[in-house]
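One-based numbering, in listed order, for ligands and for the atoms of each. Worth knowing before you read on, the calculation uses all heavy atoms, side chains too, and leaves out hydrogens, waters and symmetry mates.
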Amino acid sequence: MKTRIAAGLISAGLLLSAAPALAQARIEVHADAPTHTIAPEIYGQFLEHVGTQPYGGIWVGEDSEIPNTDGIRNDVFDALKALEVPVVRWPGGCFADLYHWQDGIGPEAERPLRVNMVWGGTPETNAFGTHEFFDFAERLGAKTYLNVNLGTGTAKEAADWLEYITAETGDRAAEREENGRATPWKVDYLSIGNETWGCGGHFTAETYADLYSQYASFAKTAGEQPVRIISGAHDGNPEYADTILQHPYIDDLAEGISLHVYTLPTGDWGKKGPATGFPEAEWASTMKRTLRMADVIADQRAIFEEHELPADEFGLYVDEWGMWVDQDEDTNPPALYQQGSIRDAVVAGLNLNIFHENADVVRMTNIAQMVNVLQAMILTDGPDMVLTPTYHVFEMYKPFMGAEALDLDIQSPDYTYADVTVPAISVSAALTEEGKIVLAVVNASARDNHLVDASAFGASTAIGRILQGKTMDAHNTFEDPNRVHPVPYRTEGSGGDLILSVPPRSVLVVTLE
Ligand code: AHR
């Protein structure tokens with residue numbers, strides 16, 4: 001059905017294009033190529049205990065003056081609900097390897113006060129624990145992705161946690177009921193350890209593979225088993241995944257492996273570059289560094305092929321990605337709190353387009369992170385809340401969730417600054433369940449408007465919204481929360497041509513008719 005509609009809209013032929021002289025970018029559609037479903041989980045989120053996430057940003061407690069439902073602030077919840085968040089990863093990140101789940105159950109007043117030794121020594125009240133997370137995910141309608149503690153935990157602690165969450169009967173189920181929840185929850189995804197090559201324990205790949213296999217052998221849930229995800233490589237060490245996968249038992253104990261890829265404007269962890277007020281050189285290097293995502297995924301794909309892991313049985317889970325910049329030295333922000341600008345929005349669009357293109361192997365991604373941390377959707381300050389430009393991209397891209405990604409070739413003009421040259425235009429197109437073609441166009445140029453020829457789809461109208469920044473670091477503030485927001489966009493074709501005018505520093509999402 002979907003293919004028939006696609007073929008009808010795209011018209012027959014393997015490679016279709018028609019470029020009037022004016023257009024600088026051209027889209028070609030491989031109408032006969034197979035499509036791949038864009039897993040909704042590609043739009044997943046990450047909730048780690050860092051800075052003011054969850055405390056203050058999501059969880060304020062029932063007695064707070066900030067309007068809340070069972071302790072979760074209503075403004076943030078409603079904004080996340082509007083995104084249709086498909087899955088949330090919790091409790092870390094590096095924090096996961098110091099988290100002991102039994103600290104976070106039972107009456108709140110009796111929970112121990114700990115110190116978040118991973119992220120700035122802030123108080124960890126344990127008020128947001130297992131019940132709060134699973135209830136939050138349930139209300140959001142999101143799947144759950146649990147990251148269990150390998151670094152300072154035990155296989156027994158992990159197994160007990162899964163029993164507590166999912167058992168129908170027995171003492172742990174009774175304890176859960178005593179703590180307020182009779183019905184078991186579901187753990188949809190499970191990761192054992194995090195960044196095991198780094199903060200998660202500095203294990204060699206061989207040692208981690210043994211430990212993973214031990215934990216996974218006992219990580220059972222009542223009912224449907226979760227998708228088990230090995231903690232894998234980052235962009236600088238692809239071979240870590242390769243070595244893990246050489247373990248004799250591991251592929252029988254896992255359904256996928258993770259990958260972490262952050263975008264640092266300068267590429268230097270010691271001086272990453274500021275969130276705002278940066279020079280064009282850092283806009284350009286940010287775009288270049290973001291586009292590496294395609295190569296990093298290609299490396300992982302090659303490793304899967306080498307290990308004969310078929311894409312329909314073993315997936316890639318990019319469970320941390322996004323912008324990471326320097327914190328403002330003049331203030332004392334909570335850990336990993338950073339402003340998000342139109343640059344972040346463009347980075348989000350470029351990454352999402354790459355994930356769509358690799359949707360046959362990329363099963364889930366989790367942007368880092370959801371509220372008040374790194375490339376957040378939402379920033380809060382006491383009772384105030386502001387949506388970042390990245391939030392708007394996730395909201396505009398919603399039609400791509402579950403749609404069929406079409407196979408495209410893009411001919412793009414270059415964007416060049418000093419010694420950096422990247423394609424200015426990135427495009428993704430997909431066929432939605434309603435049989436519509438949705439098109440996302442990202443203009444990564446800091447300066448140039450581009451005309452994009454979308455005639456190959458055979459449509460006459462493009463209707464949607466565009467997000468653009470007046471400057472390279474245009475962003476929303478608590479005082480001016482709507483400086484960067486999507487505005488309506490409509491283009492009519494003529495004589496069979498459909499040309500989209502796409503301004504610099506922008507993300508456009510349209511439906512073709
Ligand atoms: O997202 C912040 C941190 O980045 C995570 O805790 C860790 O896994 C990664 O290094």
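- Contacts with ligand 1 closer than 4.0 Å are made by side-chain heavy atoms of Asn194 only, the backbone lying farther away.
- Phe46 carries Arg89 over the face of its six-membered ring, with the cationic atom under 6.0 Å from the centre and within 45° of the normal.
- For Asp135, the salt bridge (Lys or Arg N to Asp or Glu O under 4.0 Å) partners are Arg181, not counting sequence neighbours.
- At a heavy-atom cutoff of 4.0 Å, ligand 1 is contacted by no atom of Val50, backbone or side chain.
- By the 4.0 Å N-to-carboxylate-O rule, Glu224 lies too far from Lys143 to be salt-bridged with it.
- Near Trp324, with a cut-off below 4.0 Å to any heavy atom, the atoms of ligand 1 are 2 (C), 3 (C), 4 (O).
- Short contacts between ligand 1 and Gly93, defined as distances under 4.0 Å to a heavy atom of the residue, involve ligand atoms 5 (C), 6 (O), 8 (O).
- More than 12 heavy atoms of other residues, nucleotides or ligands lie within 6.0 Å of CZ in Phe478, so this atom counts as buried by the packing criterion.
- In terms of protein heavy-atom proximity, atom 1 (O) of ligand 1 is nearest to Tyr262 OH, 2.7 Å.
- Remark: side-chain polar atoms of Asp326 are not paired, donor with acceptor, to backbone N or O of Pro274 under 3.5 angstrom.
- Geometrically, ligand 1 and Cys94 share a nitrogen or oxygen pair separated by less than 3.5 Å.
- Close approach to Phe46 involves these atoms of ligand 1, each under 4.0 Å from a residue heavy atom: 1 (O).
- For Trp119, every heavy-atom contact with ligand 1 shorter than 4.0 Å involves the side chain, none the backbone.
- The option with the heavy atom closest to atom 7 (C) of ligand 1, from among Glu320, Gln369, Glu48, His260, is Glu320.
- In summary, the atoms of ligand 1 found under 4.0 Å from a heavy atom of Leu374, numbered by their order in the structure, are 1 (O), 2 (C).
- Contacts between Phe95 and ligand 1 below 4.0 angstrom, taking non-hydrogen atoms only, are absent altogether.
- Using cut-offs of 30° and 60° for the angle between ring planes, the Trp324 and Trp269 rings count as perpendicular.
- Arg505 places a side-chain N or O within 3.5 Å of a backbone atom of Ala446 that can act as its donor or acceptor partner.
- A pairwise comparison of heavy atoms in Ala216 and Arg228 identifies O-NH1, 4.4 Å as the closest pair.
- Protein heavy atom in closest approach to atom 10 (O) of ligand 1: Glu195 OE1, 2.7 Å.
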